[in-house]
Amino acid sequence: MVGICGVLGRDADVGPLAADLVWAGGQRSSTHDGDRVAVHASTHPLLAATPVREVDDDTLLWLVGEVYGFDDGTRYAPRPDGMDCVEYCARRYRDHGVDCFAGLNGSFVGIVYDRSEATVHVATDRLGTKAVFRARPDGDRFLFSTNVQSLPRHPTFETEFHPQYVYEYLAYKRSFGVTTPLKGVEKLPPATVTTVDLDSMSVEQERYWEPIFDPLDRPFSYFVDRFTRMFRTVIDEWTRDDVDYGVLLSGGSDSRLVLAALGEDATAFHMNDWLNREARTAVAAADEAGAQFELLERGRKYQWSALERNAPLSNFDGWFSQARTTGFAATLTDEVDALLSGMYADTLFKGHGIPTPAVSLGSLGTLHPPVEDRVETVEEFVDHYARDLPTYVDDSVSMREILADNVRYDGESVDHHGVEYDSVRELVLCSEYYPLSNDTEQIFTNSAMQLLPYRSPFLDDRLVDLHLRMPIRYRLRRNVVNRALERLAPNLAELPHGESRVPLDYPHHAYLLAENAVAFWRRHVRSDRRSEPHLTEGPWTDVGELLRTDDEAAERLDDREDLVARLPFLSRSGVDECYRNHLAGADNTTELYTLLTLLELPVTEYLASEGESVEAAPTLSTDAT
């Protein structure tokens, strides 16, 4: 598995943490066994020859992930072509010490062991794109791992499910802030250097960056100009002539912009159940760009094969089905060296995550006007995000009370499950991506990174900085991605969006109207081209219909009946009621898919069995349909 784990302190033994990692093959790994520091790490050979480097006679540095460049406070410089990421970071550490992590632009976890100072520093990148989980089994040891499910395997650490946070996972299919559903296990905060003193085993943390929303009063054209130039620069700096790139291409604009910037040398991969309208749009975009196209077609059983394959990759961050690339591992790794997507463009540059009014139109659905519904207080934030818990957990539990216990304002800053925000404004606008490990799509990112180097250009620090200067009205009522596409590839912008059918060079209000029309069509009109109810004209399987028309879910729940009985926070009768109600027409997709994911996690069986051995996790080595 591409990742890192370690044990610091007395009798350090990293073997139990590394033993259950899921291996895709082809990575470069190293293990350091010392009296007080034991670290195991693995990375892709395209990124580094080895994940560890000697900085000097007294210092070792590990880096897992990728670094694109460095900002020393006066200027930004990209990482030179041909220099691997670990060597680049070692050189930055020689020049700047532990402060170097504040200037690194990338998606990474960095570890520095300074023998002379008897300290270990663990650094997360700005957004915490690669989650690091920590546990303190006693005062003599500090455990960490990028795979949360490995920590309970260490013989010195005992844990169980934390009721509050496992309820949050079941309600939101994610955990928030630094919390996890496991007692005694927390994430390291984003943009933070955690320092462990090996003599005293004390722990200190220093944050080096936080998101501050500071919009510029400039016309929209100003942001289109800056965004377009910056996006073009990012892609130019990221790409090398000797590397074959793949793009996960949808029928929308975000990945189309990535393809436009890469040009005809890229291979466009599109995942779908059939050659529907979304897939045909992706074919047209690839043809216009001159890129090779390949349809990665999911079969009917793809969802259920993904359940066993993807559960070991979960850090309580989404559904098993969202690790979408794993079923095509062989194809992707055989054909390209690195993979890009348009992920997080919606989060940073569009309206995703911004509260807007909900106007009920009765049977026609709900309209969300492109106007911010401003959240001013922590209480309003809790009210906005609180929701009902699934019927299969204790009905006396209030999700609103759990959120209220974990989101607090002290008069100076807001604490959201252990992560601080400068104000309620940043809490509302930035908590969807700071830390990024809160995002429900993190299982997708984590699984893609296991196969080969994977990147989203929108997460480059320079684009994140631009996002924080863009007024909210431009995100809600304009589309900077579409306008940038018009400039970089007008022919691609003329093609319609895969779902709205509106060309991307049309005004944004036309897209908003079409989006609502499509939502109505989905609810009231059935495509006569669909041979099965779970098939759609868009990119995703209608898993709600799949649950109704496929007996596999019922069989999986029956197989896990004993496990449900051993988990004190679940009710078997409640599980049956949830499933029956879904079959009768209720939409309990989120409740059922999240439950299926939880029941398949190796750590769930392990904890319910009180540490009894469980079956080893599968590898990610073959395509599956």
Whether [X] side chain and [Y] backbone form a donor-acceptor pair below 3.5 Å:
{"X": "Q442", "Y": "T129", "value": "yes"}
{"X": "T356", "Y": "V371", "value": "no"}
{"X": "N315", "Y": "T146", "value": "yes"}
{"X": "E426", "Y": "E420", "value": "no"}
{"X": "T124", "Y": "T192", "value": "yes"}
{"X": "T180", "Y": "V185", "value": "yes"}
{"X": "N105", "Y": "D461", "value": "yes"}
{"X": "T604", "Y": "L598", "value": "yes"}
{"X": "D542", "Y": "T536", "value": "no"}
{"X": "N310", "Y": "A323", "value": "yes"}

Students often mix this up, so state it plainly: with edges at 30° and 60°, are the rings of [X] and [Y] parallel, tilted or perpendicular?
{"X": "Y169", "Y": "F316", "value": "perpendicular"}
{"X": "Y385", "Y": "F381", "value": "tilted"}
{"X": "F458", "Y": "F231", "value": "tilted"}

*Intermediate values then yes/no, side chain to side chain donor-acceptor pair (under 3.5 Å), Y593 and Q303*: CA-CA 11 Å; Y593 252 55; Q303 294 278 326; 2.8 Å; yes
*Applying ring pair (Phe, Tyr, Trp, His ring centres under 6.0 Å) between F349 and each of Y474, F223, F227, report the one that passes.*
F227
Look at [X] together with [Y] and state whether they make a salt bridge at an N to O cut-off of under 4.0 Å.
{"X": "R324", "Y": "E441", "value": "yes"}
{"X": "R477", "Y": "E372", "value": "no"}
{"X": "D465", "Y": "R126", "value": "yes"}

_Could you go through R556 and E308, starting from their C-alpha distance and side-chain angles, then the distance that decides it, and tell me whether this counts as salt bridge (charged side-chain N to carboxylate O under 4.0 Å, His left out)?_
CA-CA 11 Å; R556 299 292 176 122; E308 298 97 352; 2.7 Å; yes
Find the distance between [atom1] ([X]) and [atom2] ([Y]) and round it off to the nearest 0.5 Å.
{"X": "E537", "Y": "T281", "atom1": "CD", "atom2": "OG1", "answer": "9.5 Å"}
{"X": "N438", "Y": "Y172", "atom1": "CG", "atom2": "OH", "answer": "12.5 Å"}
{"X": "R387", "Y": "R400", "atom1": "CZ", "atom2": "CZ", "answer": "15.0 Å"}
{"X": "R455", "Y": "Y245", "atom1": "CZ", "atom2": "OH", "answer": "5.0 Å"}
{"X": "D405", "Y": "E401", "atom1": "CG", "atom2": "CD", "answer": "7.5 Å"}
{"X": "L63", "Y": "L47", "atom1": "CG", "atom2": "CG", "answer": "9.0 Å"}

Where is the tightest heavy-atom contact between [X] and [Y], given as atom of each residue plus distance?
{"X": "P152", "Y": "L182", "result": "CG-CD1, 4.1 Å"}
{"X": "V67", "Y": "R79", "result": "O-NE, 2.7 Å"}
{"X": "L451", "Y": "A329", "result": "CD2-CB, 3.7 Å"}
{"X": "Q205", "Y": "P189", "result": "NE2-CD, 3.5 Å"}
{"X": "G251", "Y": "E278", "result": "N-OE2, 2.6 Å"}
{"X": "A311", "Y": "L601", "result": "O-CD2, 3.3 Å"}

Are [X] and [Y] close enough that some pair of their side-chain heavy atoms sits under 4.5 Å apart?
{"X": "T445", "Y": "M449", "value": "yes"}
{"X": "L104", "Y": "D125", "value": "no"}
{"X": "T589", "Y": "W319", "value": "yes"}
{"X": "L427", "Y": "Y409", "value": "no"}
{"X": "V178", "Y": "V419", "value": "yes"}
{"X": "L436", "Y": "P190", "value": "no"}
{"X": "V464", "Y": "L127", "value": "yes"}
{"X": "S150", "Y": "S145", "value": "yes"}

Ring centres under 6.0 angstrom apart ([X], [Y]):
{"X": "Y433", "Y": "Y344", "value": "no"}
{"X": "Y208", "Y": "F101", "value": "no"}
{"X": "F176", "Y": "Y165", "value": "no"}
{"X": "Y68", "Y": "Y76", "value": "no"}

*Quickly, which of K187, R408, E168 forms a side-chain hydrogen bond (donor to acceptor under 3.5 Å, both in side chains) with H417? Name it, please.*
E168
*Between S341 and Y454: side-chain donor-acceptor atoms closer than 3.5 Å*: yes
*Hey, could you give me each pair passing salt bridge (charged side-chain N to carboxylate O under 4.0 Å, His left out) that has a residue in residues 170-184? Not counting sequence neighbours.*
E160-K183, R174-E432
_Let's go through T326 and S447 carefully: what are the C-alpha distance in whole Å and the side-chain angles of both, what is the deciding distance for side chain to side chain donor-acceptor pair (under 3.5 Å) to 0.1 Å, and is it a yes or a no?_
CA-CA 7 Å; T326 61; S447 61; 5.9 Å; no
*Under the side chain to side chain contact (heavy atoms under 4.5 Å, CB included) rule, what do L596 and W304 come out as? Steps first, then yes or no, please.*
CA-CA 10 Å; L596 286 165; W304 307 118; 4.1 Å; yes
*How about D71: does its CG atom have over 12 heavy atoms from other parts shown lying under 6.0 Å from it?*
yes
*Could you please spell out the steps behind the side chain to side chain contact (heavy atoms under 4.5 Å, CB included) verdict for V378 and V424?*
CA-CA 7 Å; V378 165; V424 173; 4.2 Å; yes
*Find out whether the Lys NZ or Arg CZ of R298 is both under 6.0 angstrom from the six-membered ring centre of F328 and within 45° of the ring's axis.*
no
*side chain to side chain contact (heavy atoms under 4.5 Å, CB included) assessment of L170 paired with L570*: CA-CA 10 Å; L170 291 169; L570 293 181; 4.2 Å; yes
*Which is it for S253 and K350 under the side chain to side chain contact (heavy atoms under 4.5 Å, CB included) test, yes or no, and what are the steps along the way?*
CA-CA 12 Å; S253 61; K350 301 179 188 177; 3.2 Å; yes
